[in-house]
Amino acid sequence: MSLTFASWNINSIRTRAHLVKDWLDRNPDCTLLCLQEIKCEAHQFPKLFEEAGFHVAVAGQKAYNGVALISRVPLTVTTDHLPGFESDEARYIETELEGVTIGNLYLPNGNSGGDAGFAKKLNFLEALHQRSLTLQKEGRSFAFIGDYNVCPTEEDYAPKALSPDDALLRPESRAGFRRLLWSGLTDALRCLHPAGRHYTFWDYQAGAYQRNSGLRIDHALLSPRLADRLTGFTIDKDERGREKPSDHVPVVVSLS
DNA sequence: ATGACCGTCCACGACGGA
């Protein structure tokens, strides 16, 4: 049975609900959309999706962070936080869909809050690694999809788009991402495109999109049996050119 | 060479984002 799901850091769902609804209408094959940075509490999440027949699950908070699921089929939430990541911040929600566990994540950026802020980023990566081991031990097929705030290699950001000591590039951040790969997971984009620059984010400043000065920070990591079903990983770059866009674009995973 | 954006809130400036 085929399955298509997507991820999009929307940078405020209340500001961009119409863009999300338009996108869903133009992508009828996408069963589940994972959102990050909704920047609101559950009760503030726009009602138009449920009014249109979608199923919605929200892990929200005031002003910052927040993740949500919008589904064409009824939703079962397995957890609304990442086990082992001790924090009030709403950064993880997980569902099970057609026998596949899908973890929707928003990793801490790690540039603010000094050493403690960076440690929070590494703690999240380690908790995600533990989640990977747990799910594999349980024999489950799963995907971790979302905004990782990590450029895994030098090929994953435009020259000079970030300062060399940025938290998105730090060796410890990249080691945390590689540890997920070593646990057996497959980077969907690199599975299909082993080389080449494919960005998912362009800063609002300095005409970054027009200059294609972007980053690859939105990723989908797949468990082994799911990776065997991978048929497509699409970056919907055109969304960045719309009126009042998010700074991230949707990424879409297709499985056979 | 430099600066350049955006969304949120006990809102008109500070903070976080990346």
Side-chain angles (χ1 to χ4, degrees), chain A residues 7-20 34-46 58-68 85 87-92 104-125 128 145-177 189 197-219 235 237 239-251:
Chain A
S7 170
W8 195 0
N9 179 321
I10 198 60
N11 186 19
S12 170
I13 187 61
R14 287 176 293 175
T15 300
R16 286 182 247 285
H18 61 292
L19 285 179
V20 173
C34 301
L35 296 172
Q36 304 90 35
E37 278 206 271
I38 62 169
K39 293 188 171 179
C40 68
E41 297 177 281
H43 72 272
Q44 301 172 303
F45 198 90
V58 177
Q61 68 179 85
K62 188 181 283 200
Y64 298 116
N65 311 314
V67 289
F85 181 68
S87 170
D88 294 336
E89 296 178 346
R91 294 182 175 275
Y92 189 83
N104 170 19
L105 63 105
Y106 175 49
L107 238 132
N109 173 298
N111 280 309
S112 69
D115 291 344
F118 188 61
K120 188 169 67 181
K121 177 173 200 160
L122 300 184
N123 289 343
F124 192 106
L125 280 163
L128 196 60
I145 188 168
D147 179 357
Y148 282 71
N149 271 318
V150 176
C151 301
T153 75
E154 288 300 285
E155 206 171 13
D156 295 316
Y157 68 105
K160 290 182 239 171
L162 293 172
S163 87
D165 60 348
D166 195 284
L168 280 64
L169 310 178
R170 295 258 302 257
E172 302 94 322
S173 306
R174 287 175 165 174
F177 187 84
L189 182 282
R197 296 183 179 276
H198 303 270
Y199 304 137
T200 65
F201 165 94
W202 295 263
D203 200 284
Y204 288 120
Q205 298 188 60
Y209 181 61
Q210 287 69 26
R211 297 185 290 113
N212 196 28
S213 179
L215 315 175
R216 185 173 81 95
I217 51 179
D218 299 276
H219 309 298
I235 300 172
K237 184 176 180 182
E239 281 299 317
R240 187 64 178 78
R242 289 168 74 93
E243 192 81 14
K244 296 269 283 176
S246 170
D247 38 9
H248 297 248
V249 297
V251 299

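Throughout, a chain's letter reflects where its sequence line sits, starting with A, and its residues are numbered from 1.
Of the possible polar contacts, none joining the A/R240 side chain to the A/F201 backbone as a donor-acceptor pair under 3.5 Å is found. A distance-only check finds a donor-acceptor pair linking the side chain of A/N149 to the backbone of A/L107 [under 3.5 Å].
Shown here, B/dC12 is classed syn by the O4'-C1'-N9-C4 or O4'-C1'-N1-C2 angle, which is within 90° of 0.
A cation-pi geometry, defined here as NZ or CZ lying under 6.0 Å from the six-membered ring centre and within 45° of its normal, does not hold between A/R91 and A/F124.
For the pair A/S12 and B/dC6, the criterion of a side-chain N or O lying under 4.0 Å from OP1 or OP2 is not met. Residue A/S246 places no side-chain N or O under 4.0 Å from the OP1 or OP2 atom of B/dC6. An OP1 or OP2 oxygen of B/dC9 is reached within less than 4.0 angstrom by a side-chain nitrogen or oxygen of A/R14.
Between A/K244 atom NZ and B/dC5 atom C1' the separation is 10 Å, expressed in whole Å. The CD atom of A/Q61 sits 18 Å away from the P atom of B/dG7 (whole-angstrom rounding).
Remark on DNA chain B: of its neighbouring residues A/I13 and A/A206, the 5'-side contact belongs to A/A206, judged by nearest-heavy-atom nucleotide.
Side-chain contact check for A/E89 versus A/K120: some heavy-atom pair is nearer than 4.5 Å.
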Expected rows: protein N/O vs nucleotides 13-18 of chain B N/O, under 3.5 Å:
from	atom 1	to	atom 2	distance (Å)
B/dG17	OP2	A/S112	OG	2.6
B/dA18	OP1	A/N9	ND2	3.3
B/dA18	OP1	A/E37	OE1	2.6
B/dA18	OP1	A/H248	NE2	3.2
B/dA18	OP2	A/Y106	OH	2.8
B/dA18	OP2	A/N149	ND2	3.1
B/dA18	N9	A/N109	ND2	3.4
B/dA18	N7	A/N109	ND2	3.3

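The side chain to side chain contact (heavy atoms under 4.5 Å, CB included) check on A/T15 picks up A/S12, with sequence neighbours excluded. With sequence neighbours excluded, no residue forms a ring pair (Phe, Tyr, Trp, His ring centres under 6.0 Å) with A/Y92.
Across all strands, A/R16 comes closer than 4.0 Å only to sugar-phosphate atoms, never to a base (heavy-atom distances). As judged by a 4.0 angstrom heavy-atom cut-off over every strand, A/A63 is placed among residues touching the sugar-phosphate backbone only.
B/dT2 and B/dG13: their C1' atoms are spaced 24 Å apart (whole Å). Distance noted for atom C1' between B/dT8 and B/dC12: 13 Å (whole Å). For the C1' atoms, the distance from B/dA11 to B/dC15 is 12 Å, rounded to whole Å. Here the separation of B/dA14 from B/dA4, taken at their P atoms, is 16 Å to the nearest Å. Between the P atoms of B/dC6 and B/dC10, the separation comes to 23 Å (whole Å).
Residues A/N9 and A/E37 bring a donor and an acceptor atom of their side chains to less than 3.5 Å of each other.
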